[in-house]
Amino acid sequence: MTPIIELKNIFYEYVGEENTLALNDLSYQIFEGEWVAIIGHNGSGKSTQAKIINGLLEAKSGEVFIEGERLSVENVWDLRAKVGMVFQNPDNQFVGSTVEDDVAFGLENHGIPREEMLIRVENALREVRMEEFKTKEPARLSGGQKQRVAIAGIVALSPSIIILDEATSMLDPEGRNEVISTIQKIKREKNLTVLSITHDIDEAANADRILVMKQGRLVDEGTPEQIFSKGEQLVELGLELPFAERLKLALKQRGVPVPSEYMSEERLVEFWISNLKK
């Protein structure tokens, strides 16, 4: 099976920062329909690789493939159309005076006929449950609503890949849940591939696979269960653990017997209830 995203031996360093590689021989594959989360400490290269995949930055060396086609100066605009990015601050993405104007902006840039554009805007807003806000000013929306509008703008363009670049980091818990549930719904319906660059462990826990970065290198990968079960090793990398794993670690340090495998909060509650009945 051909990967939908493939990085081969990517090196990147920022201007003026010689001998400090933001990405150091980075290689991995992502397949169609996967949800892959990339986690790591600040400065580990998470957002840099997202921009390289989308052609916003050019690697010092190495190759990027999107749907089997090598990214180059000649095809960057064509391949970028396959990759939609949702950034950290939705206010920086808004250009329209109303919600529907903003969703239509990318379609206008791609020369989509007006009749088709109107249909796409309506459908995209319905997908993210924001159709009733189409005539509202984006500035008057909540943080979660703003990100849902930003997602609608991407969905209207029909990409095969969505990259969430710290897209929930500025939101409160309710806003985060809004955005994640929206992405999950759209992914199911359209079989999208999702790449999530995140500090939010709960967001990463929704992924099919997690890539762990440190100082520009890929140091581990696996399912959420495989990654989060390494508790103390992740803490040493400066990463937070899900609440259930932090509780297990604290209990283990106090000599309380707990399962070694990864457990969600619901599974941990079930474990304690079953033990109380014994």
Side-chain angles (χ1 to χ4, degrees), residues 4-5 30 32-39 46-47 50 53-54 81-96 98-107 117-210 224 242 264-265:
I4 194 166
I5 299 173
I30 295 174
E32 184 180 6
E34 272 196 301
W35 183 319
V36 175
I38 300 180
I39 63 175
K46 302 188 302 299
S47 290
I53 290 169
N54 201 37
K82 301 176 184 290
V83 184
M85 287 191 70
V86 182
F87 295 96
Q88 183 180 57
N89 189 345
D91 290 317
N92 293 340
Q93 295 175 253
F94 290 135
V95 293
T98 67
V99 165
E100 60 184 348
D101 287 345
D102 198 81
V103 176
F105 180 76
L107 297 172
M117 183 172 64
L118 293 174
I119 294 171
R120 286 206 197 185
V121 169
E122 190 73 26
N123 289 341
L125 287 173
R126 188 180 303 114
E127 289 279 4
V128 301
R129 306 185 304 281
M130 288 295 290
E131 62 268 33
E132 65 183 274
F133 296 89
K134 65 181 182 180
T135 60
K136 302 291 185 183
E137 295 179 42
R140 297 184 180 275
L141 302 177
S142 69
Q145 290 171 334
K146 288 177 180 179
Q147 282 296 40
R148 280 156 61 191
V149 172
I151 292 167
I154 299 300
V155 169
L157 293 168
S158 300
S160 51
I161 301 160
I162 287 184
I163 298 179
L164 306 175
D165 188 6
E166 301 284 6
T168 65
S169 65
M170 296 181 67
L171 304 179
D172 59 24
E174 182 179 357
R176 288 191 194 108
N177 290 336
E178 283 182 18
V179 170
I180 295 304
S181 64
T182 298
I183 292 292
Q184 287 174 323
K185 172 180 175 289
I186 295 169
K187 180 185 181 299
R188 285 194 305 269
E189 294 174 350
K190 300 183 179 295
N191 193 36
L192 287 175
T193 303
V194 178
L195 181 59
S196 171
I197 313 293
T198 185
H199 280 97
D200 185 354
I201 294 302
D202 293 325
E203 181 179 328
N206 288 295
D208 301 308
R209 189 158 50 101
I210 294 176
S264 64
E265 291 183 32

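Please read these numbers as outputs of a predicted model, since none were measured by experiment.
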Note: F133 and L141 closest approach over all heavy atoms is CD2-CD2, 3.9 Å

Can any side-chain N or O of T98 pair as donor or acceptor with the backbone N or O of K136 at less than 3.5 Å? no

So do S169 and Q88 actually touch side chain to side chain, heavy atoms under 4.5 Å? yes

Any idea which heavy atoms bring E100 and T135 closest together, and the distance? OE2-CG2, 4.0 Å

Return the set of residues passing side chain to side chain donor-acceptor pair (under 3.5 Å) with N54 (not counting sequence neighbours), or none when no residue passes. none

Which residue pairs satisfy the salt bridge (Lys or Arg N to Asp or Glu O under 4.0 Å) criterion with at least one member in residues 158-167, sequence neighbours excluded? K51-D165

What's the spacing between D200 CG and T168 OG1 if we round to 0.5 Å? 4.5 Å

If I compare all heavy atoms of G33 with all of K187, which pair ends up nearest, and what's the gap? O-NZ, 2.6 Å

Please examine the side chains of S158 and K190, heavy atoms only from C-beta on, and report whether any two atoms are closer than 4.5 Å. no

Side chain R209, main chain V36, donor-acceptor under 3.5 Å: no

Could you go step by step and tell me if L164 and T198 meet the side-chain contact (heavy atoms from CB on, under 4.5 Å) rule? CA-CA 8 Å; L164 306 175; T198 185; over 6 Å; no

Quick check against the 3.5 Å criterion: does Q147 have a side-chain atom that pairs as donor or acceptor with the backbone of A167? yes

How far does CD1 of I4 sit from CG of L195, to the nearest 0.5 angstrom? 11.0 Å

How close do F94 and A150 get, heavy atom to heavy atom, and via which atoms? CE2-N, 4.5 Å

Mind listing the closest non-hydrogen atom pair of V128 and A152 along with its distance? CG2-CB, 3.8 Å

Tell me whether E174 at atom CD has more than 12 heavy atoms from other residues, nucleotides or ligands lying less than 6.0 Å away. no

Heavy-atom closest pair, residues A50 and I197: CB-CG1, 4.1 Å

Closer than 4.0 angstrom, basic N to acidic O: yes or no for E178 and R148? yes

Can you tell me how far CG of L192 sits from CD of E32, rounded to the nearest 0.5 angstrom? 9.5 Å

Side-chain (K185) to main-chain (E127) donor-acceptor, under 3.5 angstrom: yes

Rounded to the nearest 0.5 Å, how far apart are CD1 of I210 and CD1 of I39? 5.0 Å

Evaluate the criterion side chain to side chain donor-acceptor pair (under 3.5 Å) for residue pair N123 and R126; output intermediate values, then yes/no. CA-CA 5 Å; N123 289 341; R126 188 180 303 114; 2.9 Å; yes

I need the single residue from I151, I183, I163 that forms a side-chain contact (heavy atoms from CB on, under 4.5 Å) with V86. Which is it? I151

NZ on K82 to CD1 on I5, rounded to 0.5 Å: 12.0 Å

Distance from N206 atom CG to I201 atom CD1, nearest 0.5 Å? 11.5 Å

